[in-house]
Amino acid sequence: MTVVLKGGRLLDASGERSGDVCVDGVTGQIQDVGPDLSGDVVLDASGCVITPGFVDLHTDVAEPGREAADTVQATSEAAAAGGYTAIVVMPRNGGDRLADLADLEALGRSAACEIVGAGTVSIARDGQVLAPLGELADHGVSLFCDVGVGIQDDLFMRRACEYLVGLEASLGRPLVLAQHCSSAALAAGGVMHEGAVSSRLGLPGCPAEAEELMVMRDITLSRLTGARVHFQSISTAGSVAMIRAAKAGGLPITAEVTPHHLLFTDESCAGFDPATKVQPPLRTAENVLALRDGLADGTIDAIASDHRPHTDDAKERPFDEASSGAVSLETGFAALHTAFVVDADEGADPIGTAIEGAQHRAVVPVAAEHRRSLAELVALLSWQPAEIAGVADRHGCLIEPGRPANLTAIDQTLQWSVDRSDLRSNARNTLFQGWTMTGRNRHTVKNGKITLENGQVQR
Amino acid sequence: MRNLLTIADLSSDDLQELLQLADRFAETQTRDVKKVPALRGKTVVLAFFEDSTRTRTSFDLAARRLSADVVNFSAGASSLSKGESLRDTIETISAMGVDAIVVRHRSSGAPQQVAQWTDAAVINAGDGWHQHPTQALLDSYTIRQRFGSLEGRRIALCGDINHSRVARSDVDAFTKLGAEVVLVAPPTLLPPSLEGWPVSVSHDLDQVVSDIDVAYFLRIQQERMTDALFPSVREYRAHFGLTVDRAKRLKPDALIMHPGPMNRGVELDPAVADDERAVVLDQVAAGIPIRMAVLFQTLGPGQFESEVA
């Protein structure tokens with residue numbers, strides 16, 4: 001069966017042009033690109049920009065274990081709706097054994113996007129005994145992460161880096177150690193950014209320096225060992241500056257940032273709504289601006305969701321007891337498109353209009369130098385993360401015949417409102433409740449099969 | 001006034017109005033029969049999710065003296081210990097048709113959240129390190145009682161500011177009422193940022209002790225020592241306690257205050273706690289008319305004249 005995405009413009013790493021795309025559901029490849037194509041099914045992409053599908057480097061799935069919060073299937077459908085064709089699932093529920101990966105593959109068999117399993121670095125993420133990195137790598141794992149805790153011990157981090165460098169040489173493909181940087185001792189007890197707002201609210205804070213100490217150490221150990229280190233959801237100006245310098249020095253370092261850290265400040269927490277409790281915490285405007293600088297100059301390579309589903313019950317608790325994290329896969333592109341790409345009317349602030357009816361409005365306005373083109377935004381969501389995740393052979397590819405057919409069609413003008421009860425994740429813990437977004441994924445195609453058609457997820 | 005959640009929600013006029021209303025309730029407490037009919041038929045739930053003796057007793061008495069029905073709800077005995085969420089607990093209490101919920105919780109912000117889940121009036125009886133508004137009101141009342149007003153008075157708040165809801169509420173209330181506040185503590189016991197706080201800071205009690213109208217000492221929790229916030233109780237007393245020697249340097253008409261419960265021999269030397277300048281029991285006494293005023297303002301439909309006088 002062939003599917004034609006008709007009437008759109010094409011945008012990939014090579015640039016922008018017009019044309020239809022015909023994909024083959026059997027081979028999973030792009031069959032043809034050009035004007036006036038026909039096929040078994042025609043999807044109207046008029047007014048859309050067709051890009052390679054997005055790749056998320058940082059998704060938590062609650063299954064197995066917390067299915068009330070979310071399942072692999074529901075998460076993948078949220079991802080397809082948000083334009084993703086692949087998500088890297090964090091090894092929060094295992095990931096130190098091949099069996100865990102097999103379980104994940106089984107759960108993801110009918111998923112609406114490719115489920116890419118990450119491995120842990122240590123057994124049970126205890127930071128003491130190395131996970132079977134070689135076996136996991138042989139099985140195809142490219143990204144290793146002690147999600148949630150970070151590797152606290154300096155010597156263990158050094159050993160893990162050294163061992164991965166050896167594996168890389170023998171396998172002949174890049175292996176990445178992804179680190180969620182937070183010095184556990186310095187951040188202990190912190191539930192929001194430490195600063196003026198936490199001091200006023202009487203909430204224990206998590207200082208920016210807790211993140212920066214670990215970023216500094218990991219850069220140092222990358223220099224010592226040559227290991228590829230990927231910094232997950234960085235949130236501070238100091239991290240951006242150190243990563244910028246490390247990259248200028250030629251180290252194999254990459255970094256990601258989440259949509260919420262690019263928008264909201266710690267003032268969001270002033271109403272004690274646990275929806276605003278994320279990890280790392282929302283920080284000050286100064287940090288938000290530094291992250292935007294990092295996007296603009298290429299210090300930050302990717303936008304990742306850090307999608308973390310929680311039941312209402314886990315969130316409707318006192319702020320300090322509530323679970324951390326927000327769902328993001330369905331809203332990430334739209335939020336960033338609205339804030340950074342959409343052309344405002346003369347003198348108008350696009351975010352100002354977007355948040356008029358929003359529940360959380362402590363958002364930093366976007367300055368002219370931080371505005372992005374659609375191509376720049378899609379690079380951060382698609383081919384750049386695909387490279388880091390080790391899936392660039394099949395995601396984020398050029399749109400040309402013979403390439404894997406993983407695509408999304410973006411309607412840049414569609415306006416829609418975020419209503420938590422409409423989210424496709426079972427979990428509803430969004431920071432974007434009530435936003436008026438401009439731009440949405442109309443169709444998504446994974447391996448030549450339609451996963452999203454006119455905004456409806458296809459099973 | 002719908003709820004009383006933080007001092008920040010009140011203007012200085014609101015504060016003055018509450019203090020004046022408390023004056024009138026204080027007068028009713030000198031009568032032979034202390035009970036007034038103002039809140040007859042109203043139900044007040046005391047929802048204390050954290051242990052408290054004096055604040056709960058004070059609210060309990062205040063509500064009863066306004067003729068309200070009072071229900072005590074404590075976390076240990078409740079379904080909370082069976083894993084029920086705060087939201088479910090509050091919605092359950094609300095469904096029984098109560099008029100006010102007085103909330104004490106170990107987590108900062110809990111009363112704000114509670115206010116979103118109920119139509120009843122919510123009164124904050126202390127949340128985490130955040131706020132304890134009725135304490136700030138009764139402290140202001142006590143100072144005003146002695147000095148006539150807080151205007152221009154210099155008040156030192158000494159001790160563990162960072163972990164203190166009393167400090168956060170007092171700073172707001174005292175400065176709104178025209179006082180000047182100096183925080184006295186080692187940096188480890190101060191909030192990480194004082195941006196926006198209308199206060200000055202000293203790390204040396206001796207520098208400020210002779211020059212203040214009110215010396216307010218906060219309770220020090222001994223477990224703070226294990227967090228390396230100060231070396232020992234002995235050193236704490238030597239640097240930040242009101243010793244007999246330091247008390248001699250206080251102005252003759254200065255007030256010595258403490259929210260209780262006191263660690264005698266730590267924040268205040270035993271002899272100092274019994275100094276005639278110490279108004280700790282006046283603070284406790286002020287709690288009744290202050291909480292009557294707060295309950296009346298949030299629940300009383302009418303005028304003081306028709307309901308009480």
Side-chain angles (χ1 to χ4, degrees), chain A residues 68-69 184-210 236 265-277 281 283-287 310-324 359-360 420 428-429 433, chain B residues 5-9 49-50 75 80 83-91 103-117 124 126-132 160-169 171-172 183 189-199 201 226-229:
Chain A
L186 202 55
V191 299
M192 67 171 291
H193 174 64
E194 178 182 298
V197 182
S198 71
S199 296
R200 184 176 88 226
L201 299 180
L203 285 171
C206 196
E209 288 74 9
T236 83
T265 70
D266 57 344
E267 272 297 343
S268 305
C269 306
F272 294 100
D273 180 352
T276 64
K277 184 179 177 185
R283 301 203 189 264
T284 59
E286 184 189 24
N287 289 295
H310 292 296
T311 58
D312 285 352
D313 183 59
K315 278 290 193 183
E316 286 173 345
R317 288 169 186 271
F319 197 93
D320 56 352
E321 293 172 11
S323 298
S324 275
Q359 191 167 350
H360 300 292
R420 63 198 300 277
R428 307 277 187 238
N429 50 311
Q433 174 65 25
Chain B
L5 300 174
T6 76
I7 295 292
D9 296 339
F49 298 95
E50 181 188 64
L80 265 194
E84 187 176 61
S85 76
L86 179 61
R87 180 178 185 153
D88 285 342
T89 303
I90 293 302
E91 288 182 343
V103 181
R104 159 71 64 96
H105 203 288
R106 57 167 290 280
S107 296
S108 296
Q112 253 101 328
Q113 293 171 286
V114 167
Q116 291 164 15
W117 299 327
N124 183 358
D127 62 325
W129 307 342
H130 178 224
Q131 284 276 312
H132 192 354
D160 187 355
I161 310 291
N162 189 31
H163 304 98
S164 174
R165 53 189 169 224
V166 174
R168 284 186 178 77
S169 323
V171 165
D172 281 358
L183 305 180
L189 295 179
L190 287 169
S193 166
L194 289 171
E195 192 186 316
W197 293 45
V199 297
V201 174
T226 54
D227 296 340
L229 296 178

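Lettering follows sequence order; numbering is per chain, from 1. Here the structure is a predicted model, which is why all the values come from computation and not from measurement.
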Check: I7(B) and Q131(B) side chains under 4.5 Å, non-hydrogen atoms: yes
Minimum side-chain heavy-atom gap H105(B)-L86(B) below 4.5 Å: yes
Using a heavy-atom distance cut-off of less than 4.5 Å, which residues of residues 184-197 of chain A contact chain B? E194(A), G195(A), A196(A)
Could you tell me which non-hydrogen atom of R168(B) sits nearest to which non-hydrogen atom of W129(B), and how far apart they are? NH1-O, 2.7 Å
Applying side-chain contact (heavy atoms from CB on, under 4.5 Å), run through D312(A) and R317(A) and close with a yes or a no. CA-CA 9 Å; D312(A) 285 352; R317(A) 288 169 186 271; over 6 Å; no
Which residue out of P191(B), S107(B), A110(B) racks up the most heavy-atom pairs below 4.5 Å with chain A? S107(B)
Applying a criterion of heavy atom separation less than 4.5 Å, what residues of residues 201-210 of chain A form contacts with chain B? L201(A), G202(A), L203(A), P204(A)
If the threshold is 4.0 Å, N to carboxylate O, is there a salt bridge linking R200(A) and E267(A)? yes
Under the side-chain contact (heavy atoms from CB on, under 4.5 Å) rule, what do F49(B) and R106(B) come out as? Steps first, then yes or no, please. CA-CA 7 Å; F49(B) 298 95; R106(B) 57 167 290 280; over 6 Å; no
Would you check, one step at a time, whether the test side-chain hydrogen bond (donor to acceptor under 3.5 Å, both in side chains) holds for T284(A) with N287(A)? CA-CA 5 Å; T284(A) 59; N287(A) 289 295; 2.9 Å; yes
Hey, does V171(B) have a side-chain heavy atom less than 4.5 Å from the side chain of I161(B)? no
H132(B) and R104(B): CA distance, side-chain angles, deciding distance, side-chain contact (heavy atoms from CB on, under 4.5 Å) verdict: CA-CA 9 Å; H132(B) 192 354; R104(B) 159 71 64 96; 3.5 Å; yes
Closest heavy-atom pair, F319(A) versus Q113(B), reported as atoms and distance to 0.1 Å, is N-OE1, 3.7 Å
